[in-house]
Amino acid sequence: MAPSQVIVTNGGKQSVYQAFQTVVNPGDEVLLPAPYWTTYPEAIALADGTPVEVFAGADQDYKVTVAQLEAARTDKTTVLVFVSPSNPTGSVYTPEETAEIGRWALEHGIWVITDEIYQNLTYEGTRAVSIVEAVPELAEQTILVNGVAKTYAMTGWRVGWMVGPADAMKLAGNLQSHLTSNVNNVAQIAAAAALNGPQDEAEQFRLAFDRRRQLIVSELAKIDGVEVPNPLGAFYVYPDVQGLLNRSWDGVTPTTSLELADLILEKAEVAVVPGEAFGPSGYLRLSYALGDEQLLEGVQRLQRLFS
Ligand SMILES: Cc1ncc(COP(=O)(O)O)c(C=O)c1O
């Protein structure tokens, strides 16, 4: 890969912003699988594009199919957002699913913006295959986004990168030169040390996440009314909580996941993010990027509230 195909950015977030600015023209429709990370619709809107949500529920492990994408495609569709492992759901597309979506994008000349920031956080022997690895010809119409925030817990260092065809990266580089210029050198050197140095600490983190993932999934599953698909990546679990709605808990009857999240905060003093932040109501995002004891205490409080 040539240096002209890579831009180092101030976190993955700047790459996300610049990717949409580079390939989206006013009025373009961008297919956005939902539940989605909250920044994508905003970044699409900042590029004057229109996000078109394609929803996949817990019954399909929150993963969209080619049939769904094809049903949402119009002559204004120019970009697909592809995120595996996903924030907020933790879902990981299989190599076959990834290849199928990649071939569909290639066939229709649709750009893919693929956010691979959770790439190294996968479990149970799963590997998140990059869409350009699955369909190499797609590289000419794909922008990859990545960063050190998740694998190395280096969120505050603000180092990410984008990779794509040289002409697209030239445009993104022109934009960045007027926004922020380069990423500060100290942070770049620290990021390079993380990427090129021994990976055993990152592996220790991953193993700790895996332990916490198993704990939270098994404990949440004990709550009647909660459906918990097994997330194979990232550090989130995304239960379907529709079975808890319109029932009375401690004198309160939540009708949406937003109201449910308020109830949980109020009564159990546990912070969860309602599905409304990522797409439809009826879901909660719980992060398990915290200590084992706190995690267990948090889920047990939910078990008590909903018993
Ligand atoms: C899916 C996804 N992409 C990108 C980012 C951006 O990470 P950063 O800008 O900290 O590198 C995040 C952070 O939460 C994320 O969840």
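Just follow the structure's listing: the first ligand is 1, and inside any ligand the first atom is 1.
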Throw together a table of side-chain donor-acceptor distances under 3.5 angstrom for residues 35-47, partners on residues two or more places apart or in other chains.
{"from": "Y36", "atom 1": "OH", "to": "E53", "atom 2": "OE2", "distance (Å)": "3.3"}
{"from": "Y40", "atom 1": "OH", "to": "D115", "atom 2": "OD2", "distance (Å)": "2.6"}

Side-chain donor-acceptor contacts of residues 184-198 below 3.5 Å, not counting sequence neighbours, with atom names and distances?
{"from": "N184", "atom 1": "OD1", "to": "V186", "atom 2": "N", "distance (Å)": "3.1"}
{"from": "N184", "atom 1": "OD1", "to": "A187", "atom 2": "N", "distance (Å)": "3.0"}
{"from": "N185", "atom 1": "OD1", "to": "N182", "atom 2": "ND2", "distance (Å)": "3.4"}
{"from": "Q188", "atom 1": "NE2", "to": "V183", "atom 2": "O", "distance (Å)": "2.8"}
{"from": "N196", "atom 1": "ND2", "to": "A192", "atom 2": "O", "distance (Å)": "3.2"}

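No salt bridge links K76 with D28; every basic N to acidic carboxylate O contact stays at or beyond 4.0 Å.
Remark: aromatic rings of F278 and Y283 are distant, center separation not under 6.0 Å. Note: F55 and Y62 fail the aromatic proximity criterion, with ring centroids not under 6.0 Å apart.
Taking Y236 as the reference, Y118 meet the ring pair (Phe, Tyr, Trp, His ring centres under 6.0 Å) condition, with sequence neighbours excluded.
The contact shell of ligand 1, taken as protein residues with any non-hydrogen atom closer than 4.0 angstrom, comprises G11, G12, K13, W37, Y40, N87, D115, I117, Y118, A149, K150, T155, R158.
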